[in-house]
Amino acid sequence: MSFDVDVESLRATRLVRGWYARDALVVARALVGCLVVHERGEGGGEGRPRVSRVVETEAYRGPKDLACHARAGLTRRTRSLLGTEGHAYVFLVYGMHECFNVTCAGEGMGHAVLVRAAEPVSGLDPGARLDGPGRFARAMATSRALDGHDLTRPPLYLCGRPRRPRIAVSARVGVAYAGDWAARLWRFYDPSSVHVSRPPKKSIGLG
DNA sequence: CATATGATTCCA
DNA sequence: GGAATCATATGA
């Protein structure tokens with residue numbers, strides 16, 4: 001159904017290492033509107049590339065950020081999180097959902113940006129839902145098998161945004177345990193997109 | 001080895 | 001509102 005994409009053109013617009021070598025707050029904002037390209041499916045190579053446009057992100061800023069997994073130091077799980085910028089950090093949450101993150105800042109910094117939602121562009125069911133970290137990772141097949149993958153190389157990489165989107169900010173979702181850090185406005189999203197995930201409602205009457 | 005707890009989603 | 005479901009971190 002969706003139009004064929006020119007893989008060579010996509011590859012040519014890949015984001016380079018230096019793009020990721022910035023604070024997670026900067027990368028999280030810049031990532032909204034960018035494309036995620038996965039040239040291989042779960043089968044390991046069948047089908048067209050899966051392409052989606054990011055509409056929602058969250059910044060996680062290293063050991064001092066109590067909502068960031070880097071607070072646990074270097075473990076088998078946080079190995080890629082604490083590695084070089086521009087790599088995938090994928091982990092399982094709640095025993096069933098995988099979360100896809102992009103490492104940034106620099107080696108050992110523990111900065112990462114969580115991709116929380118995107119809209120389908122190509123190679124996906126036009127009606128596919130990619131709102132919510134679990135749905136995004138499942139639809140794009142960005143599983144833990146890709147943890148530690150270098151995002152400047154195929155089969156999984158990011159491309160610069162075709163157009164500059166509007167950006168809205170809010171507190172991060174699901175990190176109430178992190179005390180003062182939970183209140184920081186480190187979630188970035190395109191308010192004009194219907195694909196943005198909705199935070200759990202803790203109160204009613206918000207319209 | 002045992003156990004508490006999530007960077008969530010789906011159903012009632 | 002509450003269950004599903006398990007890797008991870010932590011402590012014994």
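Chain letters run A, B, ... following the sequence lines, proteins first and then strands; every chain starts at 1. Since we're looking at a predicted model, the values are computed, not measured. In what follows, every heavy atom counts, from backbone to side chain, and hydrogens, waters and symmetry copies are set aside.
For the pair A:Trp186/A:Asp65, a side-chain contact is recorded, criterion being any heavy-atom separation below 4.5 Å from C-beta on.
Between A:Arg116 and A:Glu58 there is a salt bridge, with a side-chain nitrogen of the basic residue lying less than 4.0 Å from a carboxylate oxygen of the acidic one.
Under a cutoff of 6.0 Å and an axis angle of 45°, A:Arg77 and A:Phe91 form a cation-pi pair.
A side chain to side chain contact (heavy atoms under 4.5 Å, CB included) with A:Leu35 is found for exactly one of A:Leu10, A:Leu158, A:Val54, A:Leu15, namely A:Leu10.
Distance A:Trp181 CH2 to B:dA7 P: 16 Å, rounded to the nearest Å. Between A:Leu114 atom CG and B:dT8 atom C1' the separation is 11 Å, expressed in whole Å. Rounded to a whole Å, the CG atom of A:Leu130 is 11 Å from the P atom of B:dT9. The distance from atom CG of A:Leu66 to atom C1' of B:dA7 is 14 Å, rounded to the nearest whole Å. The distance between atom CZ of A:Arg129 and atom C1' of B:dT8, rounded to the nearest whole Å, is 13 Å. The nearest whole Å value for the distance from the NE2 atom in A:His97 to the C1' atom in B:dG6 is 12 Å. With rounding to whole Å, A:Glu58 atom CD is found 15 Å from B:dG6 atom P. One atom, CG of A:Leu81, and another, C1' of C:dA9, lie 15 Å apart when rounded to the nearest Å.
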For nucleotides 5-8 of chain C, give me every protein contact, N/O to N/O, under 3.5 Å, one pair per line with atom names.
unit_1, atom_1, unit_2, atom_2, d
C:dT5, O2, A:Tyr94, O, 3.1
C:dC6, O4', A:Gly95, O, 3.3

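Of all non-hydrogen atoms in A:Asp147 and A:Ala88, the two that sit nearest each other are OD1-O, 3.5 Å.
For the 3.5 Å distance criterion, the side chains of A:Ser193 and A:Asp190 fail to qualify, holding no donor opposite an acceptor. With hydrogens and angles left out, the side-chain atoms of A:Arg166 and A:Ser192 include no donor and acceptor closer than 3.5 Å.
For the pair A:His69 (side chain) and A:Thr78 (backbone), a donor-acceptor distance under 3.5 Å is absent. The main-chain N or O of A:Trp181 is found under 3.5 Å from a side-chain atom of A:Arg172 such that the two form a donor-acceptor pair.
Stacking between A:Tyr60 and the base of B:dA7 is present: ring centres sit under 5.5 Å apart and the planes differ by under 30 degrees.
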Under the rule of Watson-Crick or G-U wobble with both distances under 3.5 Å, where | means paired to another strand and [ ] a crossing pair, DNA chain C maps to ||||.||||||.
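A donor-acceptor contact under 3.5 angstrom links the side-chain atoms of A:His69 to the base of B:dA7.
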